[in-house]
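Protein chains get the first letters and strands the later ones, always in sequence-line order, with residue 1 at the start of each.
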Number of protein chains: 2
Amino acid sequence: MITVQPSASREDYLKAIYVLEDEGQGPVSTNALSERVQAKPASVSGMLKQLAEGGWVDHTAYRGVSLTAAGRGIAVDVIRRHRLWEVFLVDRLGFGWDEVHDLAEQLEHVEHAELMNRLDAFLGHPAFDPHGDPIPRSDGTVVDPRRLITADALLPGQSAVVKGVVDSSDGFLRHLDALGIGLGTAFEVSEWHGFDGSATIAGKGLWTAAVLRNLYVEING
Amino acid sequence: MITVQPSASREDYLKAIYVLEDEGQGPVSTNALSERVQAKPASVSGMLKQLAEGGWVDHTAYRGVSLTAAGRGIAVDVIRRHRLWEVFLVDRLGFGWDEVHDLAEQLEHVEHAELMNRLDAFLGHPAFDPHGDPIPRSDGTVVDPRRLITADALLPGQSAVVKGVVDSSDGFLRHLDALGIGLGTAFEVSEWHGFDGSATIAGKGLWTAAVLRNLYVEING
DNA sequence: TTCATTTTTTAGGCAGGACTAAAAATAAAT
DNA sequence: ATTTATTTTTAGTCCTGCCTAAAAAATGAA
Ligand SMILES: [Mn+2]
Ligand SMILES: [Mn+2]
Ligand SMILES: [Mn+2]
Ligand SMILES: [Mn+2]
């Protein structure tokens, strides 16, 4: 029996493999995937067999898994849908950037050829989602011309603008809200404190190492 | 084992029972439901057992099924979500009223407490969907102050405005598009043709009986 | 009322996706 | 090179939601 259509569950697995492949190098382990999709390793093993049969992944037992071109195409499309929905939810419906993940996680699986193109146009063809992540184009390419570094790599006196987050967990996002930090926030590092990795930010007080290393920024000028 | 959450499938069944209960009188038959949800009667029997266990329907074997208050609440909410999404798709994304049904059929099952209230506000609290059907309020009430009749009940010389459709199949909707008939179309019956039930409409040519009996209208004045 | 027809339910299966427990392969440590 | 620990897969179950085939109940005619 040939599996023809990627179900919601399969789409989530493909997306997870895509992300993990991007982060690490080489094939993705069953354990890492299990952690990511919140399922037991045994369940992942079963799903990988399906995905391999469908031609979406290459899987050698005990040796990890990697996406085929077909699998990557689907993964990128799911990510595109996820991020476009996030833009809609935040920009149009007024949700906070910490509230939209679970919702987009469902909406990304709605199946319709024309829908995402129309939503994309309606939103004005956004290039980035509310967390600063690039939105793949409908042809499957992912364009990101930005030169981002994490804020903990800035030198004293350098000024920069927040463009994204490394950790996009609700908790971190809400913490940034509390600190008044969001996408577009401009700041300048006055002084580093080597003892704990924190830094004084001109006019904004102290930012901890945990915050700084999770901010993607673009240096001014 | 108690079933706690209505799945997408269960929601579709509850919605179907709601509509059929509204149309006919008395409990809904397994066969009618089977037709509506496009599943075999045997499958419906199985699902009814689940729904009864969940407390969403009352079901006596061989005697038909009816919604409990809990079941009706869910059904109305699914309909609310369906119609709000339809408004979004037609009014904001520019889909035709004949293109949105399948899409709304998926979107109606997205689970999120706050989403529909925000979408409702974003759309300006619409009272009717693109097919002229009333959108239930978030408190579960369905308000429709209109006095609608089907156009085949109009008298010669009466003028009226199209407010809805009896048959909302894609085919009928596209036929109306071809004839230039839509919600808000005002017209006046010049003359009835008893032979085939068609009528001459002032300045708009001939409308057939099949069209007239499927239009909900409000009489002018 | 009895028999034929229609409707509905039960019985038995299958596929998808999850789980636990146990076995097998790989990796790490003596 | 063994032994031990970790990772991954297999085996066996369960639940959901559908199916077909067969049995049972209700309906309607004769
Ligand atoms: Mn998802
Ligand atoms: Mn995002
Ligand atoms: Mn549906
Ligand atoms: Mn509608």
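Closest contact between the side chain of A/N31 and the listed nucleotides D/dT7, D/dC19, C/dT10 involves D/dT7. With D/dT10, D/dT8, D/dA21 as the candidates, the nucleotide lying closest to the side chain of B/A42 is D/dA21. Counting only heavy atoms from C-beta on, B/S43 has its side chain closest to D/dC18 among D/dC18, C/dT9, D/dG17. Taking every side-chain heavy atom of B/S45 into account, C/dT9 is the closest of D/dT9, C/dT9, D/dG17. Listed nucleotides C/dG17, C/dC19, D/dT10 differ in distance to A/S7; the shortest reach to its side chain belongs to C/dG17. Considering only side-chain atoms of B/A61, the nucleotide from C/dG16, C/dT9, D/dT9 that sits closest is C/dT9. Between C/dA27, C/dG17, D/dT9, one nucleotide has an atom nearer to the side chain of A/R63 than all others, and that is C/dA27. Comparing atom distances between the B/K40 side chain and each of D/dC19, C/dT20, D/dG17 picks out D/dC19 as nearest.
Between A/Y62 and A/P41, the residue anchored nearer the 5' end of DNA chain C, judged by the nucleotide with its closest heavy atom, is A/P41.
Rounded to whole Å, atom C1' of C/dG16 lies 11 Å from atom OH of A/Y13. Look at CE on B/M47: it is 14 Å from P on C/dT9, rounded to the nearest Å. The CD atom of B/E35 sits 13 Å away from the P atom of C/dT8 (whole-angstrom rounding). In this structure, B/L48 atom CG and D/dC18 atom P are separated by 12 Å, rounded to whole Å.
For the pair A/R146 and A/F128, the cation-pi test (distance below 6.0 Å, angle within 45°) is passed. Remark: A/R92 qualifies as a cation-pi partner of A/F122 under the 6.0 Å distance and 45° angle criteria applied to the six-membered ring.
In this structure, a donor-acceptor pair under 3.5 Å is present between the side chains of A/D12 and A/H109.
Using a 4.0 Å cut-off, some side-chain N or O of B/H59 falls inside it from OP1 or OP2 of C/dT9. Taking only side-chain nitrogens and oxygens, B/Q50 comes nearer than 4.0 Å to OP1 or OP2 of D/dG17.
Using bins of under 30°, 30° to 60° and over 60° for the plane-to-plane angle, the ring pair B/F88/A/W85 lands in the tilted bin. Ring geometry for A/H101 versus A/H82: interplanar angle of 30 to 60°, hence tilted.
Residue B/T30 is classed as a sugar-phosphate contact, given heavy-atom separations below 4.0 Å to backbone atoms only.
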